[in-house]
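What you are looking at is a predicted structure, and each value in this text was computed from that prediction instead of being measured.
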Amino acid sequence: MTATSPTSTSAAPERAAVPWGRVSALVGGQAAVQLGSFGLLIAMNWTAVQMGGTKAVTLLMLAATVPRALMLVFGGAFADTLGPRFVLLRTTSARAALLGVGAVVTATTHELWPLVLIALVEGMLLGLAGPASGVLLPRFASGDQLARANSAYATVLRVAPILGTPAGAWLITVGELWVAFVAAAVTGAIWLGCLLYITHGFTRPVRQQGGPSLLRRSGDGFRLLARYPRLRWMFVACLCLDMAFSWPAEVALPLLAHQRGWGVGAVAMVLAAFSFGALASSALGAAFAHRIPVFVRLVVTGAGLAVGITMMALMASPLSLTAVAAAVGLLSGLNGPAIVTLYQQAAPQDRMGAAMSTLSLAGIGTAPLSIALFSSLSLVLGVQQTWLLCGAIAAVSPVAAVLALRQRPTGESPAQAAEYENRVEGPAGATEHRRPAGDLVPGAPGEQTREKPAPGTADSPVAAPA
C-alpha cells in the first residue's frame with residue numbers, strides 16, 4: 001500500500017471544503033454596498049460644501065468617522081459574543097432603513113443637521129458591523145484559499161472608490177441628494193439579501209454564566225496583541241504602512257505638486273495610477289495568491305513599498321512619479337490581503353471579531369494621526385524630508401512581518417508550526433498551507449455551521465437561533 005503524506009491528505013479536503021458560492025456572494029454583496037456607500041459619500045460631501053463650505057464638510061466627516069472608530073472596539077465584542085449573523089443582519093437592516101428615511105428627509109428638508117445626524121448613526125452601525133464582516137471569510141476558507149478570497153475581497157474595495165466616486169457625482173448632478181440615498185439604500189438591501197444566504201446555518205455562541213461583560217470583552221483585541229507575538233508583529237506591520245502612506249497620499253502629494261508647479265491634474269494622475277495598480281494586483285492575487293509564497297506577498301512586497309514610498313518623494317517629473325505610484329499600487333494589492341490573511345490565521349477563532357476590530361483600527365485610526373503628526377513635522381523639516389521619513393517608517397513593516405513569520409501560530413504544537421513555517425517560507429513556487437482547521441466546519445448552503453471550542457478551552461458553544 002502506498003503511503004500518503006499528512007500534508008497531501010489535509011490540503012485536498014481543505015480546498016474541497018471551501019463554499020465558493022458563499023464566498024462569491026460575500027464579494028458580490030460587498031461590491032454592491034461599497035459602490036452605493038462611496039456614491040453617497042461624494043453626494044453628501046458635495047451637498048455639505050454647498051451648504052456651509054469647509055466647516056460643514058469637516059463636521060460631516062467627523063460625525064461619520066469618529067463614532068465608527070469608537071464602535072469598532074465594541075463591534076468585535078458583539079461579533080464574538082452574539083455571532084456574526086446576529087450582528088450583521090440587524091446592523092445592515094437598520095442601515096438600509098436609515099438610508100430610506102434619509103431619502104425622505106433630504107427630499108423635503110435642505111439643512112445640514114439631518115445629514116450630520118444620519119452620518120453619525122450610520123457610522124455607529126458600520127463600526128458595529130465591521131468586525132463581524134471581517135470574521136466571515138476565515139469561516140469559509142483557510143490557508144492558500146483564504147489568501148485568494150481576501151485578494152478577491154480587496155479587489156472589490158479597490159473598485160468601489162474608482163466607480164463609486166463618479167457615480168455619486170453623477171447622481172448629485174442629474175438629480176438631488178435623495179436620489180443618492182435611495183441608491184445606497186437599494187445596495188444596502190442587496191447586501192442584506194446576500195447576508196441571509198451567506199450566514200444561513202450560522203449559530204450563536206452561548207454566553208457562559210458569569211463570563212466577562214461586553215464592556216470587558218471590548219478590550220480583547222488589545223489583550224490578544226499583548227498575548228500573541230505573531231498578532232502583535234502583524235499589527236505593527238499594518239500600522240507602519242498605514243501611518244507611512246496616509247500623509248503622503250492625502251497631504252504631501254498635493255503640496256509637492258503645487259510647489260513644483262505640476263497642477264492638480266498630476267495629483268489625479270498619480271492617485272489613479274496607484275489605484276489601478278492595486279486593483280490589478282488584487283485581481284491577480286484572487287487567481288494566483290496560492291501560487292505565490294507568503295514571504296514574497298508579505299515581506300518582499302513590504303520592502304518594495306518602503307522603497308517605492310521613498311522614491312516617490314524624489315521623482316522630478318509627474319510622469320516618473322506616476323510610474324512609481326503604479327508600482328507601489330501593484331505591491332500594495334498583494335501586501336494588504338497578505339497582512340489580513342496572516343492576521344486572521346493567527347487569531348483565536350473564538351475571538352476573531354476582537355482581533356479584526358483591532359486590525360481595522362490600525363487603518364481607520366491612523367489616518368488622522370498620520371496627517372496631524374507629519375503635517376506638523378513638515379513645517380520644520382519640509383515636505384520632501386518628511387516624506388522620506390515616512391519611507392523610513394514604512395521600512396519597519398517588512399521587518400515586523402519577518403518577526404511575525406518566525407513566531408509559532410496560535411494554538412499549534414511545535415511540530416505543526418514547523419511544518420507551517422517550512423511551507424510558507426519555502427522556495428519560490430511553494431504553496432502556503434494553513435494548519436488543519438478544527439475550529440470550524442463550514443457546511444454547504446442549507447447546512448448548519450457549528451462552532452467548535454477554541455484550542456485550550458473546555459466549553460463548547462451550542463446552537464442558538466440567530
Asker: Given side chains that start at C-beta, do those of Val73 and Thr358 come closer than 4.5 Å, heavy atoms only?
Answerer: no
Asker: Is there a side-chain contact between Ile118 and Phe181, using heavy atoms and a 4.5 Å cut-off?
Answerer: yes
Asker: Ignoring hydrogens and angles, tell me if any N or O in the side chain of Ser281 forms a donor-acceptor pair with the backbone of Ala278 under 3.5 Å.
Answerer: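 Yes: the side chain of Ser281 pairs with the backbone of Ala278.
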Asker: So how far is it from Thr92 OG1 to Leu125 CG, rounded to the nearest 0.5 Å?
Answerer: 9.0 Å
Asker: I need the Leu224 CG to Phe222 CZ distance, nearest 0.5 Å.
Answerer: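 Nearest 0.5 Å value for the CG-CZ distance: 10.5 Å.
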Asker: Give me the atom names and distance for the closest heavy-atom approach of Ser282 to Ala154.
Answerer: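 It is OG-CB, 3.9 Å.
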Asker: Report yes if some heavy atom in the side chain of Leu196 is under 4.5 Å from a heavy atom in the side chain of Arg85; otherwise report no.
Answerer: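 In short, these two side chains touch, coming nearer than 4.5 Å.
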Asker: So does Leu334 get a backbone contact from the side chain of Arg297, meaning a donor-acceptor N/O pair under 3.5 Å?
Answerer: no
Asker: With a 3.5 Å distance limit and no angle check, can you tell me whether Asp220 reaches the backbone of Ala354 through a side-chain donor-acceptor pair?
Answerer: no
Asker: Work out which heavy atom in Pro131 is nearest to a heavy atom in Gly75; give both atom names and the distance.
Answerer: CG-C, 3.7 Å
Asker: Test side chain to side chain contact (heavy atoms under 4.5 Å, CB included) on Gln145 and Val23 and set out the steps.
Answerer: CA-CA 11 Å; Gln145 303 303 318; Val23 173; over 6 Å; no
Asker: Evaluate whether atom CE of Met243 has more than 12 neighbouring non-hydrogen atoms of other residues, nucleotides or ligands under 6.0 angstrom away.
Answerer: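 Buried by this count: over 12 neighbours within 6.0 Å.
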Asker: For the CG atom of Leu137 and the CG atom of Leu26, what is their distance to the nearest 0.5 Å?
Answerer: 5.0 Å
Asker: So, does Ser370 use its side chain to make a donor-acceptor pair with the main chain of Trp247 at under 3.5 Å?
Answerer: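 Such a contact is found between Ser370 side chain and Trp247 backbone.
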Asker: Using the rule given for side chain to side chain contact (heavy atoms under 4.5 Å, CB included), can you reason through Met234 versus Leu359, listing the C-alpha separation, both sets of side-chain angles and the distance that settles it, and then say yes or no?
Answerer: CA-CA 9 Å; Met234 289 309 304; Leu359 186 63; over 6 Å; no
Asker: According to salt bridge (charged side-chain N to carboxylate O under 4.0 Å, His left out), who are the partners of Arg95, at least two apart in sequence or on a separate chain?
Answerer: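 With neighbours one apart ignored, the set is Glu122.
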Asker: Tell me, with the steps shown, if Leu62 and Val116 meet side chain to side chain contact (heavy atoms under 4.5 Å, CB included).
Answerer: CA-CA 9 Å; Leu62 288 174; Val116 173; over 6 Å; no
Asker: Between Thr187 and Ala184 (side chain of the first, backbone of the second, donor and acceptor by atom type, cut-off under 3.5 Å), is there such a pair?
Answerer: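 Pair found, side chain donor or acceptor close to backbone of Ala184.
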Asker: Working to the nearest 0.5 Å, report the span between CD of Gln344 and CE of Met352.
Answerer: 6.0 Å
Asker: Working note: Arg148 + Trp20, criterion side chain to side chain contact (heavy atoms under 4.5 Å, CB included); need CA distance, chi angles, decisive distance, verdict.
Answerer: CA-CA 11 Å; Arg148 291 180 62 196; Trp20 286 109; 4.2 Å; yes
Asker: Can the ring centres of Phe245 and Phe274 be said to be less than 6.0 Å apart?
Answerer: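 Close enough - the centres of the two rings lie under 6.0 Å apart.
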Asker: Using modelled atom types only, decide if a donor and an acceptor are shared between the side chain of Arg139 and the backbone of Phe202 within a distance under 3.5 Å.
Answerer: no
Asker: Would you indicate whether the side-chain heavy atoms of Ser397 and Leu305 approach each other to under 4.5 Å?
Answerer: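 Counting from C-beta outward, Leu305 and Ser397 never come under 4.5 Å.
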Asker: Is any side-chain heavy atom of Leu72 closer than 4.5 Å to a side-chain heavy atom of Leu126?
Answerer: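 SC-SC contact between Leu72 and Leu126 ruled out.
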Asker: Any side-chain heavy atom of Thr47 sitting closer than 4.5 Å to one from Leu112?
Answerer: no
Asker: Quick check: do Thr155 and Val27 have side-chain heavy atoms less than 4.5 Å from each other?
Answerer: no
Asker: Under the 3.5 angstrom rule, does the side chain of Asn335 hit a backbone N or O of Thr301 as a donor-acceptor pair?
Answerer: no
Asker: Minimum heavy-atom separation for Leu361 and Ala69, please, with both atom names.
Answerer: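 For Leu361 versus Ala69, the nearest heavy atoms are CD2-O, 3.5 Å.
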Asker: Can you give me the closest heavy-atom contact between Trp178 and Ala103, atom names plus distance?
Answerer: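 Closest approach of Trp178 to Ala103: CB-O, 3.3 Å.
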Asker: Could you tell me whether the side chain of Ser93 reaches within less than 4.5 Å of the side chain of Leu192, counting heavy atoms only?
Answerer: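 Leu192 reaches Ser93 side chain to side chain.
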Asker: Between Arg68 (side chain only) and Gly127 (backbone N and O only), is there a donor and an acceptor less than 3.5 Å apart?
Answerer: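 No; judged by distance alone, with no hydrogens or angles, the pair does not exist.
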Asker: As an exercise, state the distance from OG1 of Thr65 to CG of Leu70, rounded to the nearest 0.5 Å.
Answerer: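 If we round to the nearest 0.5 Å, Thr65:OG1 and Leu70:CG are 9.5 Å apart.
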Asker: CZ/Phe78 to CE/Met71 distance, rounded to the nearest 0.5 angstrom?
Answerer: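 Reported value, rounded in 0.5 Å steps: 6.5 Å.
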Asker: Counting only N and O atoms by type, is there a donor-acceptor contact under 3.5 Å from the side chain of Thr108 to the main-chain atoms of Val105?
Answerer: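 Yes, because the side chain of Thr108 sits within donor-acceptor range (under 3.5 Å) of the backbone of Val105.
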Asker: Checking Thr81 side chain against Ala77 main chain: does a donor-acceptor pair fall under 3.5 Å?
Answerer: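 Yes; at least one donor-acceptor contact below 3.5 Å.
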Asker: To check you understand the geometry: which heavy-atom pair defines the closest contact between Ala147 and Thr341, and what is its length?
Answerer: CA-OG1, 3.6 Å
Asker: Nearest heavy-atom pair of Pro348 and Leu231: which atoms, and what distance?
Answerer: CD-CD1, 4.4 Å
